[in-house]
Amino acid sequence: MLFSTGTGADYDDGRLNDLSVRAGGEVKLFRAVCEAEYISIIENENKFIPYEYAMGKKWFATCRAHAKKWGDWFYPDCTYKIIEITVLEESLKYMFYLKSLDDIGAAYAADEVLLNKIVRGLRLV
(Lines give C-alpha, C1' and ligand atoms only; values in the text may rest on other atoms or scores of the structure.)
Protein backbone atom coordinates (compact mmCIF):
# COMPACT_ATOMS: atom_id res chain seq x y z
CA MET A 1 0.00 0.00 0.00
CA LEU A 2 1.31 3.41 -0.93
CA PHE A 3 0.71 6.12 1.58
CA SER A 4 -0.97 9.20 0.22
CA THR A 5 -1.91 12.58 1.62
CA GLY A 6 -5.65 12.29 1.05
CA THR A 7 -5.60 15.87 -0.22
CA GLY A 8 -7.44 16.48 -3.48
CA ALA A 9 -5.32 19.46 -4.55
CA ASP A 10 -2.29 17.15 -4.71
CA TYR A 11 -3.89 15.43 -7.71
CA ASP A 12 -5.09 18.25 -9.91
CA ASP A 13 -3.00 16.84 -12.76
CA GLY A 14 -5.96 14.86 -14.13
CA ARG A 15 -5.46 11.56 -12.27
CA LEU A 16 -8.80 11.98 -10.50
CA ASN A 17 -10.75 12.71 -13.66
CA ASP A 18 -13.73 10.37 -14.07
CA LEU A 19 -12.95 8.26 -10.96
CA SER A 20 -16.56 8.68 -9.89
CA VAL A 21 -17.80 7.02 -13.10
CA ARG A 22 -14.88 4.94 -14.48
CA ALA A 23 -15.40 1.16 -14.74
CA GLY A 24 -13.70 -1.08 -12.20
CA GLY A 25 -14.00 -2.79 -8.84
CA GLU A 26 -15.75 -0.89 -6.10
CA VAL A 27 -15.17 -0.60 -2.35
CA LYS A 28 -17.54 0.52 0.37
CA LEU A 29 -16.35 2.69 3.27
CA PHE A 30 -18.29 3.82 6.34
CA ARG A 31 -18.44 6.96 8.49
CA ALA A 32 -20.35 7.95 11.61
CA VAL A 33 -21.72 11.47 11.21
CA CYS A 34 -23.73 13.82 13.38
CA GLU A 35 -27.15 14.96 12.20
CA ALA A 36 -25.81 18.34 11.04
CA GLU A 37 -23.10 16.76 8.86
CA TYR A 38 -25.59 14.31 7.38
CA ILE A 39 -28.05 17.11 6.53
CA SER A 40 -25.21 19.16 5.01
CA ILE A 41 -24.24 16.25 2.73
CA ILE A 42 -27.83 15.64 1.64
CA GLU A 43 -28.61 19.34 1.10
CA ASN A 44 -25.47 19.63 -1.05
CA GLU A 45 -26.45 16.78 -3.38
CA ASN A 46 -24.26 14.16 -1.66
CA LYS A 47 -21.23 16.46 -1.69
CA PHE A 48 -18.94 17.10 1.25
CA ILE A 49 -18.38 20.75 2.10
CA PRO A 50 -15.99 22.27 4.63
CA TYR A 51 -17.52 23.73 7.76
CA GLU A 52 -16.31 25.45 10.89
CA TYR A 53 -14.72 23.22 13.56
CA ALA A 54 -14.47 20.23 11.19
CA MET A 55 -11.26 18.27 10.80
CA GLY A 56 -9.39 18.82 7.56
CA LYS A 57 -10.03 15.26 6.46
CA LYS A 58 -12.99 12.91 6.78
CA TRP A 59 -12.16 9.46 8.15
CA PHE A 60 -13.88 6.33 6.85
CA ALA A 61 -13.84 2.86 8.36
CA THR A 62 -13.41 -0.21 6.20
CA CYS A 63 -16.39 -1.90 7.84
CA ARG A 64 -19.68 -0.78 9.35
CA ALA A 65 -18.88 -2.28 12.78
CA HIS A 66 -15.83 -0.05 13.16
CA ALA A 67 -17.80 3.02 12.08
CA LYS A 68 -20.31 2.15 14.79
CA LYS A 69 -17.52 1.95 17.39
CA TRP A 70 -16.33 5.42 16.38
CA GLY A 71 -19.91 6.67 16.47
CA ASP A 72 -20.45 5.30 19.97
CA TRP A 73 -17.19 6.90 21.08
CA PHE A 74 -17.73 10.35 19.55
CA TYR A 75 -21.50 10.46 20.12
CA PRO A 76 -22.14 8.65 23.44
CA ASP A 77 -25.79 9.72 23.34
CA CYS A 78 -26.11 7.67 20.11
CA THR A 79 -27.26 10.67 18.07
CA TYR A 80 -25.35 9.77 14.96
CA LYS A 81 -25.93 8.16 11.60
CA ILE A 82 -23.68 5.89 9.58
CA ILE A 83 -23.16 6.65 5.92
CA GLU A 84 -21.70 4.33 3.35
CA ILE A 85 -19.76 5.65 0.39
CA THR A 86 -18.82 3.69 -2.69
CA VAL A 87 -15.53 4.44 -4.40
CA LEU A 88 -13.58 2.83 -7.19
CA GLU A 89 -10.94 0.55 -5.65
CA GLU A 90 -8.32 2.52 -7.57
CA SER A 91 -9.37 5.64 -5.61
CA LEU A 92 -8.01 4.21 -2.35
CA LYS A 93 -4.45 4.93 -3.44
CA TYR A 94 -5.22 8.67 -3.26
CA MET A 95 -6.61 8.49 0.27
CA PHE A 96 -4.52 8.61 3.46
CA TYR A 97 -4.52 5.19 5.16
CA LEU A 98 -3.90 4.00 8.70
CA LYS A 99 -3.81 0.31 9.56
CA SER A 100 -5.34 0.95 12.98
CA LEU A 101 -6.94 4.28 13.84
CA ASP A 102 -7.66 4.79 17.55
CA ASP A 103 -7.02 1.06 18.14
CA ILE A 104 -10.34 0.33 16.44
CA GLY A 105 -9.46 -0.61 12.89
CA ALA A 106 -8.21 0.34 9.46
CA ALA A 107 -9.35 3.69 8.12
CA TYR A 108 -8.99 5.92 5.09
CA ALA A 109 -9.09 9.72 5.10
CA ALA A 110 -9.66 12.31 2.40
CA ASP A 111 -10.46 15.99 2.23
CA GLU A 112 -13.66 17.32 0.69
CA VAL A 113 -12.03 18.05 -2.69
CA LEU A 114 -10.84 14.48 -3.06
CA LEU A 115 -14.07 12.95 -1.77
CA ASN A 116 -16.17 14.97 -4.18
CA LYS A 117 -14.08 13.63 -7.09
CA ILE A 118 -14.08 9.95 -6.12
CA VAL A 119 -17.41 9.16 -4.41
CA ARG A 120 -19.59 7.10 -6.75
CA GLY A 121 -22.47 6.62 -4.35
CA LEU A 122 -23.54 7.59 -0.85
CA ARG A 123 -26.31 6.18 1.30
CA LEU A 124 -27.47 5.93 4.88
CA VAL A 125 -26.99 2.46 6.40
Side-chain angles (χ1 to χ4, degrees):
M1 158 116 336
L2 295 174
F3 290 98
S4 180
T5 64
T7 302
D10 291 345
Y11 306 105
D12 59 359
D13 59 1
R15 286 182 275 176
L16 302 179
N17 291 353
D18 303 322
L19 280 179
S20 64
V21 294
R22 194 179 305 162
E26 295 181 333
V27 175
K28 302 206 182 297
L29 299 172
F30 305 86
R31 175 175 171 78
V33 297
C34 66
E35 183 73 20
E37 183 175 357
Y38 178 70
I39 290 170
S40 171
I41 293 166
I42 298 306
E43 287 179 348
N44 287 285
E45 299 175 354
N46 289 349
K47 299 287 184 199
F48 294 84
I49 60 165
Y51 59 93
E52 196 171 357
Y53 307 114
M55 292 179 66
K57 298 204 179 3
K58 307 287 185 197
W59 286 94
F60 290 86
T62 57
C63 71
R64 187 170 186 251
H66 292 163
K68 183 178 181 331
K69 284 184 181 181
W70 275 300
D72 292 344
W73 185 27
F74 287 116
Y75 309 104
D77 59 356
C78 295
T79 58
Y80 66 90
K81 298 177 182 307
I82 296 178
I83 59 170
E84 172 192 274
I85 63 168
T86 303
V87 298
L88 189 64
E89 189 172 4
E90 177 184 344
S91 300
L92 297 178
K93 69 183 177 187
Y94 301 108
M95 299 177 80
F96 184 77
Y97 174 78
L98 284 179
K99 189 175 184 177
S100 182
L101 179 64
D102 300 325
D103 291 326
I104 292 177
Y108 287 89
D111 69 3
E112 293 89 355
V113 172
L114 181 56
L115 285 170
N116 292 334
K117 293 213 176 239
I118 66 173
V119 172
R120 302 163 73 89
L122 185 147
R123 71 182 186 110
L124 188 64
V125 292

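Atoms CD1 and NZ, from Ile41 and Lys81 in turn, are 11.5 Å apart once rounded to the nearest 0.5 Å. In this structure, NE2 in His66 is found 11.5 Å from CD1 in Ile82, a value given to the nearest 0.5 Å. Atoms OG and NZ, on Ser40 and Lys47 in that order, are 13.0 Å from each other to the nearest 0.5 Å. Rounding to the nearest 0.5 Å gives a distance of 4.0 Å between CG of Asp102 and CH2 of Trp73.
Val33 and Ile49 are assigned to two separate hydrophobic clusters, defined by single-linkage of ILVMFWY side chains at heavy-atom distances under 4.5 Å. A continuous path of hydrophobic side-chain contacts links Phe48 to Leu124 [ILVMFWY only; heavy atoms under 4.5 Å]. Linking ILVMFWY side-chain heavy atoms closer than 4.5 Å, directly or via other members, places Ile104 and Val125 in a single hydrophobic cluster. With hydrophobic clusters built from ILVMFWY side chains whose heavy atoms lie under 4.5 angstrom apart, Ile39 does not share a cluster with Phe74.
Here the side chains of Phe60 and Val87 are not in contact, with every heavy-atom distance at 4.5 Å or above. Residues Leu88 and Ile118 have side chains not in contact (no heavy-atom distance under 4.5 Å, counting atoms from C-beta outward). Within the 4.5 Å cutoff, no side-chain heavy atoms of Glu37 are placed close to those of Ile83. Counting heavy atoms from C-beta on, the side chains of Val119 and Asn46 never come closer than 4.5 Å. In this structure, Val113 and Leu16 have side chains that are not in contact, with every pair of non-hydrogen atoms separated by 4.5 Å or more.
Under a cut-off of 6.0 angstrom, the local environment of NZ in Lys57 is crowded, with over 12 non-hydrogen atoms contributed by other residues, nucleotides or ligands. Atom NZ of Lys28 has more than 12 neighbouring heavy atoms from other residues, nucleotides or ligands inside a 6.0 Å radius.
Counting only residues at least two apart or in different chains, side-chain hydrogen bond (donor to acceptor under 3.5 Å, both in side chains) contacts with residues 111-120 comprise Glu26-Arg120.
For Tyr80, the ring pair (Phe, Tyr, Trp, His ring centres under 6.0 Å) partners at least two apart in sequence or on another chain are Tyr75. Not counting sequence neighbours, the partners of Tyr94 by the ring pair (Phe, Tyr, Trp, His ring centres under 6.0 Å) test are Tyr11.
The shortest heavy-atom contact between Ala110 and Leu114 is CB-CD2, 3.6 Å. Shortest non-hydrogen contact noted between Arg15 and Asp13 is NE-OD2, 2.9 Å. Residue Ala107 comes nearest to Trp59 through the heavy atom pair CB-CE3, 3.7 Å, listed as atom of the first residue, atom of the second, then distance. Closest of all the heavy-atom pairs between Phe30 and Cys63 is CD1-C, 3.4 Å. For the pair Asn17 and Arg22, the tightest heavy-atom approach, listed with the atom from each and the gap, is O-NH2, 2.6 Å.
For the pair Asp77 (side chain) and Thr79 (backbone), a donor-acceptor distance under 3.5 Å is present. Listed for the Arg31 side chain is no donor-acceptor partner under 3.5 Å among the backbone atoms of Ala67.
Between Tyr108 and Tyr97, the ring planes are tilted. Angles from 30° to 60° get that label.
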